[in-house]
Amino acid sequence: MAGQFSGTPIYILREGSERTAGRDAQRSNIMAAKAVAGAVRTTLGPKGMDKMLVDTMGDVVITNDGVTILKEIDIEHPAAKMMVEIAKTQDQEVGDGTTTAVVLAGELLKQSEALLEQQIHPTVIAAGYRAAADKALEILKGLAITVSAKDEDLLRKIAVTAMTGKGSQSARDELAVMAVEAVRSVVDEDGTVDTDNITVEKKVGGGITDSVLVSGVVIDKDRLHPSMPKSVSGARIALLNAAVEIEKTEVDAKIQITSPNQLQAFLDQEENMLKDMVDRISATGANVLFVQKGIDDLAQHFLAKAGIYTVRRVKKSDMEKLARATGGRVVTSIHEISKDDLGKAGLVEERKVSDEKMTFVEDCDNPKSVSIILRGGTEHVVDELDRAMEDALRVVGVAVQDKQLVAGGGAPEVELALRLRAYASTVGGREQLAIESFADAMEVIPKTLAENAGLDQIDTLVALRSAHEKGMKTAGLDMDTGKPVDMLKLGVVEPLRVKTQAISSATEAAVMILRIDDVIASKSGGPGGAGGMPGGMGGMGGEDFE
Ligand SMILES: Nc1ncnc2c1ncn2[C@@H]1O[C@H](COP(=O)(O)OP(=O)(O)O)[C@@H](O)[C@H]1O
Ligand SMILES: [Mg+2]
């Protein structure tokens, strides 16, 4: 290739750029991706271990949640970052199965190493993996069982399975009941579920059994004035996104006051204007007022006198939830407020939750927004309960929306491996080898579940395989005995989407990493470039600071 130029090196890259090509690039990428999978695999399943993560500020997070772990750790390698992306996608799409997706991707890559050693071209492996993934999705859909939004018992089992490994058994049962009730109350008419309408408030103190579901909204604020009523039943609620204050003039204005009478008149006028504002609100029949902005001291006094339970400086997101829950409308000007804008709630009440006063807006007719207050002994406990609840809400939401579920405990993976091997034999050629590797990769899930439970991987897998060969499609791993058991009977069930999404994104990532045969890394320029960007933080969060 170099021909007549041989001996004269040609530089096409800027000095300092790093380049790895061919097998070296593949090897390094696969190694990095496997390292990420290795970091989370010990957390998989009900017997998975927890990780303690300490950030640069010394803050500690204890979790066994795949995506949380990967978001917290600072990752440099580009291929490793792609693995983190799988977890994030999985989290966004279904909210559970993040570890599964990452472990699967790692195993697909591990299997591909053997294929590469046999001189099978990455393109052939990619094609085989893609074909296998398509087939896998088809098989999974055939295995799916229908769940109705009314089947509370089954939905609770989905919630409990999702919370696996987090909190105690009794805590999970408790949270599952709340999760199902919460999701069922926010389902829209068209069957869609937006779990953003479920607010989870964390409060340290008390025990998990003190956690409550409120059919309405809980605002982390107390009433404005002690002489306002502490509790209002039959609440008619005004929602105002405007200040209850006299507007200050934009320019510096001077008022010449020459006599004490004039001063009094001036003050009176201010008072009258505030009184008028309160009167307008009161005239609508409102007995509860939520204001997004500030309220003048004098206006507070008038509001108290009018017997209106008032909360000020309410977050925008809370105002939206209040509107949804009470059926009210957020009004932007006091002059526009009318009776029709008011929302309704059976009860608005200030209550103390572990030393902090909060406002409960509950007994709403058709609460399209509900709140859960999670309680637990320490901050770490509450945080992990919060993550468990988050998973539970998401999977129940997905199950209610999709109405399809599959067995857990490695059952679908073993069944997939079995059927994909049969499928591979119909394909033939080199692609067949890739499909067989894909089938083998599926078994990493039951194997890891067994490993994390201290069971023998080989024995358990052999037993599972033979159960599936006998037609027990839902046989999965009983964590205590290591024997194959019908997961439907055991109540270990997951939404179909958890599995389909995990397989899709794991395959996509593995294929993407496999197809890279050249890594050209530019030297980061500019001051402080070496530190790079904070790994794993890009792209997420930061959207809703309200
Ligand atoms: N009681 C159980 N018995 C057996 N397997 C279970 C049980 N509960 C959950 N699992 C399995 O554990 C796996 C999920 O583990 P988890 O640690 O939550 O990881 P992920 O982040 O992938 O959701 C799934 O394969 C699920 O079927
Ligand atoms: Mg899970």
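The residues of the chain are indexed from 1 along the displayed sequence. Any value given below was found using the heavy atoms of this structure, including those in side chains, with hydrogens, waters and symmetry copies removed. Both counts, for ligands and for their atoms, begin at 1 and track the order of listing.
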Does some non-hydrogen atom of Gly48 fall short of 4.0 Å from ligand 1? no
Near Thr43, which atoms of ligand 1 are under 4.0 Å from a heavy atom of that residue? 17 (O)
Decide whether the shortest distance between a heavy atom of Pro46 and an atom of ligand 1 is less than 4.0 Å. yes
Out of all atoms in ligand 1, which are within 4.0 Å of some heavy atom of Met479? Include the element for each. 3 (N), 4 (C), 5 (N)
Ignoring angles and geometry beyond distance, decide whether Glu494 reaches within less than 3.5 Å of ligand 1 through its nitrogen or oxygen atoms. yes
Proximity to ligand 1 by part of Val67, non-hydrogen separation under 4.0 Å: neither
As a quick check of understanding, evaluate side chain to side chain donor-acceptor pair (under 3.5 Å) for Glu451 and Gln457, giving each step before the final call. CA-CA 6 Å; Glu451 185 186 357; Gln457 289 194 36; 3.2 Å; yes
Where on Leu449 is there a heavy atom closer than 4.0 Å to ligand 1, on the side chain, on the backbone, on both, or on neither? side chain
With a cut-off of 2.8 Å, does any N, O or S atom of Asp96 fall short of it relative to the Mg ion (ligand 2)? yes
side-chain contact (heavy atoms from CB on, under 4.5 Å), that's the test. Do Val67 and Gln90 meet it? Break it down for me. CA-CA 9 Å; Val67 72; Gln90 180 80 18; over 6 Å; no
Quick check: Ala101 and ligand 1, any N/O pair under 3.5 Å apart? no
In ligand 1, the atoms that come under 4.0 Å of a heavy atom of Thr99 are 19 (O), 20 (P), 21 (O), 22 (O)
Please state which part of Lys499 comes within less than 4.0 Å of ligand 1, counting heavy atoms only: side chain, backbone, both or neither. side chain
Nearest-neighbour protein heavy atom for atom 1 (N) of ligand 1, which is reported as residue plus atom name and distance: Val492 CG2, 3.5 Å
The single option from Leu477, Leu104, Thr99 passing side-chain contact (heavy atoms from CB on, under 4.5 Å) against Ile445: Leu104
Work out which heavy atom in Ala37 is nearest to a heavy atom in Met83; give both atom names and the distance. CB-CE, 4.2 Å
Tell me which protein heavy atom sits closest to atom 8 (N) of ligand 1, plus the residue, atom name and distance to 0.1 Å. Thr164 OG1, 3.3 Å
Leu490 N/O to ligand 1 N/O under 3.5 Å: no
Tell me, do Leu116 and Ile30 make a side-chain contact under 4.5 Å, heavy atoms counted? yes
Look only at the side chain of Gln401 and the backbone of Val193, and say whether a donor-acceptor pair between them is shorter than 3.5 Å. yes
Close side-chain approach of Glu494 to Met487, heavy-atom, < 4.5 Å: no
Treating Arg421 as the side-chain partner and Glu436 as the backbone partner, does any N or O pair qualify as donor plus acceptor under 3.5 Å? no
Please write down residue, atom name and distance for the protein heavy atom closest to atom 4 (C) of ligand 1. Leu477 O, 3.5 Å
I need the atoms of ligand 1 closer than 4.0 Å to a non-hydrogen atom of Gly408, numbered in the order shown. 27 (O)
Indicate yes or no: does Lys316 engage Glu320 in a salt bridge with an N to O separation below 4.0 Å. yes
Which of these passes side-chain contact (heavy atoms from CB on, under 4.5 Å) with Pro495: Val94, Val395, Asp96? Val395
Atom 22 (O) of ligand 1 - nearest protein heavy atom and its distance: Thr100 OG1, 2.5 Å
Closer than 4.0 Å to some heavy atom of Leu44 - which atoms of ligand 1 meet that? 15 (O), 17 (O), 19 (O), 22 (O)
Walk me through it: do Val212 and Val353 pass the test side-chain contact (heavy atoms from CB on, under 4.5 Å)? CA-CA 11 Å; Val212 281; Val353 180; over 6 Å; no
Please state which protein non-hydrogen atom is closest to atom 11 (C) of ligand 1 and give its distance, to 0.1 Å? Gly409 N, 4.0 Å
Would you check whether Gly45 has a nitrogen or oxygen atom less than 3.5 angstrom from a nitrogen or oxygen atom of ligand 1? yes
Considering only protein heavy atoms, which is closest to atom 23 (O) of ligand 1, and at what distance to one decimal place? Asp96 OD1, 2.8 Å
At under 4.0 Å between heavy atoms, which part of Thr98 makes contact with ligand 1: side chain, backbone, both or neither? both
Report yes if the side chains of Val177 and Arg156 come closer than 4.5 Å at any heavy-atom pair, otherwise no. yes
Note: ligand 1 atoms sitting under 4.0 Å from heavy atoms of Thr161 are 8 (N), 9 (C)
Is a side-chain donor or acceptor of Asp91 paired with a backbone partner of Thr68 at a separation under 3.5 angstrom? no
Using a strict threshold of under 4.0 Å (side-chain N to carboxylate O), is an ion pair present between Glu138 and Lys135? yes
